[in-house]
Structures are given as structure tokens and as C-alpha cells.
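Ligands are counted one by one from 1 in listed order, and the atoms in each one are counted from 1 as well. Atoms considered below: every heavy atom in the structure, side chains included; atoms not considered: hydrogens, waters and symmetry mates.
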Amino acid sequence: MSAVPVITIDGPGGAGKGTVSLWLARTLRWHYLDSGALYRLLALAAARDGIDLDDGAALAQAVAHLKIEFRLHADTLQVLLDGADVTAAIREEACARAASRLAVHAGVRAALLPLQRAFARPPGLVAEGRDMGTVVFPDAALKIFLTASVEQRARRRWLQLSAAGVDASLDAILDDLQRRDAQDASRAAAPLRPADDAVVIDSSELTVEQVCARIMGHVEERGLTVGDHPAP
Ligand code: DC
């Protein structure tokens, strides 16, 4: 196991990884990596700089120029690109689609690897994404694969958007999630799949609190402890 303990939370879009990972990082007072945000930021930078999403080499090069800042607040992650707040922009469906497309390039994934590993600092790291347990942190102390039926994930996202006053179609969300799942799971480079030693949790019939309680059970079982200072 690496010196800094890491907990990975992987799974398909809309399974609740974000909520659960943020909660866990806060509770443990560990650092937090939203790796999907890195892919989304690259998608945003590519759109701004006119880089073709099929040009893996140019995209991999662009990673070196990304000026990213993550600010962890009580229950949100503020994201800045070149000093501009892009917290809302990276959550748009178009950005998610572009992120999923550029994530197929092995060169892009390799370029993002050191950036992601640099997040592992004492007292520990909660890292969420698609390949945290399989590729980025294969020695993680605890690996969770959080999943849920695609219908349930689409319904949750629709409820979230409706609550935020966004007029979205449930069918369109379902369609988007299915397409993104297929793309993320079928790519050759680091496809979405549970690590062999991952604990798989299906959240279809569970509340957020129940998922968190289950994860905490595994955290305690492995003797992972709360940090003695709050993660910045
Ligand atoms: O978790 P998310 O929805 O923010 O991720 C957006 C896209 O980024 C996702 O569809 C695939 C890609 N991604 C990835 O390939 N590997 C990761 N570790 C995280 C995200």
C-alpha cells in the first residue's frame, strides 16, 4: 500500500459518486479528487482553444497548459480554469459528452495520470472517477464501485435538475447516460469496470445516508482514520 491512504470511488455517471465522495472526504478530513472534473476541464479548454476532440496528441499536449484550481467548500467543489469560475459550466451535459469523448485517448489519460496522483497527500485522499481503483491508484486501501440502474440514475439527475429549475427531459437524460455508459465501458484505454478487489455497492434502492453508512463500515473495518486537520 502507498504511504498515503487512498479510498477510490468509481462507477457510472449519476450513481451518486460526487455526493458520497465529498461527504467521505469531509468526514475523514482527507483530500478530495474529482477526476471527472479534470476531463471536463480539458473538454472546456479544448472548446475554447479549438482543439478537435479526435486529436488525441493535441489534447494530451493541452493538459500541460491547464491552469486548474479546486476549492473544497462545505458540500461543493468550486472549480477554476485559468482563474475563471467554471463550476457550473463543467456540469453541463455538452461538457460531459465532450469529456467522455476525449477520455478515450490513451495519451490524454497518460498525461492526466501524474496530475491525479499528485492529489495523494497526507492524511489521505478520496478519489472518484471511472478508473481510480483500476489504473490511477491500484494500491488503494479501499476501493468502492458505486453503481445503480440507469433508470434510477436518470430519474435522480432529472429530479436534481428540476429542483434547480432546469426544464429537462427524462428521456433525453436517460439516452445521454446510456450513450456515455457505453462509451466509457467499451473504450480500450482504462474502461469503466470494478477493480477485482472493489466492494460493489448498488445504490438503486439505497438512500445517500445508507450508502455512506455502508462505506463507513468498510472504512472502519480497514482501520482508516480521520485526519487531524481539515483538508483544504
Ligand atoms: O464523472 P464525470 O461524469 O464528471 O466524468 C465525465 C467523463 O469523464 C466521463 O463520462 C468519462 C470521463 N472520465 C474518465 O474517463 N475517467 C475518470 N476517472 C473520470 C471521468
Side-chain angles (χ1 to χ4, degrees), residues 6-22 24-25 32-47 53-54 56 59-60 62-63 66 68 70 76-79 81 86-120 125-138 140 143-148 150 153-154 156-158 160-161 168 173-195 198 203:
V6 177
I7 298 175
T8 58
I9 303 189
D10 288 308
K17 295 188 305 279
T19 310
V20 169
S21 307
L22 262 171
L24 190 60
Y32 169 62
L33 166 63
D34 175 358
S35 61
L38 295 177
Y39 289 88
R40 288 170 185 257
L41 281 164
L42 184 59
L44 216 57
L53 294 177
D54 294 323
L59 288 163
V63 170
L66 284 180
I68 292 169
F70 286 152
T76 53
L77 178 72
Q78 188 186 7
V79 183
L81 178 64
V86 293
T87 310
I90 62 160
R91 298 298 161 201
E92 286 175 14
E93 278 309 305
C95 189
R97 270 197 298 272
S100 178
R101 262 186 72 191
L102 60 79
V104 304
H105 302 296
V108 167
R109 308 198 70 85
L112 285 173
L113 210 51
L115 219 73
Q116 297 176 87
R117 290 191 173 144
F119 278 78
L125 173 70
V126 176
E128 66 150 300
R130 303 290 189 288
D131 62 343
M132 297 297 98
T134 50
V135 176
V136 182
F137 300 107
K143 300 178 185 179
I144 303 287
F145 191 83
L146 188 60
T147 186
V150 71
R153 288 186 280 129
R156 286 180 191 159
R157 182 148 291 177
W158 180 78
Q160 240 173 21
L161 289 172
I173 295 172
L174 185 66
D175 201 51
D176 246 13
L177 276 177
Q178 276 169 330
R179 248 179 303 143
R180 211 143 63 84
D181 280 359
Q183 181 149 278
D184 293 345
S186 68
R187 67 180 177 225
L192 170 67
R193 66 165 182 84
S203 74

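- Using a 4.5 Å cut-off on side-chain heavy atoms (C-beta onward), T87 and T76 make no contact.
- Of the N or O atoms in R130, one or more lie within a sub-3.5 Å distance of an N or O in ligand 1.
- At a heavy-atom cutoff of 4.0 Å, ligand 1 is contacted by the side chain of M132 but not by its backbone.
- A donor-acceptor pair is defined here as one N or O able to donate and one able to accept, closer than 3.5 Å; such a pair exists between the side chain of R117 and the backbone of V136.
- A donor-acceptor contact shorter than 3.5 Å links the side chain of D10 to the backbone of M132.
- A salt bridge links E93 and R157; the closest N-O separation between the charged side-chain nitrogens and carboxylate oxygens is under 4.0 Å.
- If you look at R187 next to ligand 1, the close heavy atoms, those under 4.0 Å, all belong to the side chain.
- At a heavy-atom distance under 4.0 Å, no atom of Q183 approaches ligand 1.
- No hydrogens or angles considered: nothing links the side chains of S100 and R130 as a donor-acceptor pair under 3.5 Å.
- Of all protein heavy atoms, the one closest to atom 12 (C) of ligand 1 is A103 CB, 3.8 Å.
- Backbone and side-chain nitrogen or oxygen atoms of D34 are examined, and none is located within less than 3.5 angstrom of a nitrogen or oxygen of ligand 1.
- Under the 3.5 Å distance criterion, with hydrogens and angles disregarded, no donor-acceptor pair is assigned to the side chains of Y39 and R101.
- Between R91, R40, K17, it is R40 that holds the heavy atom closest to atom 3 (O) of ligand 1.
- Ranking the protein heavy atoms by distance from atom 18 (N) of ligand 1 puts D131 OD1, 2.8 Å first.
- In this structure, R109 has a heavy atom closer than 4.0 Å to ligand 1.
- Nearest to atom 6 (C) of ligand 1 among the protein's heavy atoms is R180 NH1, 3.6 Å.
- Residue-to-ligand polar distances place D184 within reach of ligand 1: an N/O pair is separated by less than 3.5 Å.
- For atom 8 (O) of ligand 1, the closest heavy atom belonging to the protein is Y39 CB, 3.5 Å.
- The nearest protein atom to atom 19 (C) of ligand 1, hydrogens excluded, is given as S35 OG, 3.5 Å; this is a heavy-atom distance.
- Here the side chain of S35 pairs a donor or acceptor atom with the backbone of E128 at under 3.5 angstrom.
- Taking 4.0 Å as the cut-off between side-chain N and carboxylate O, R40 and D34 do not count as a salt-bridged pair.
- Near A99, meaning under 4.0 Å from any of its heavy atoms, are these atoms of ligand 1: 7 (C), 8 (O).
- Not one N or O on the side chain of K143 forms a donor-acceptor pair closer than 3.5 Å with the backbone of I7.
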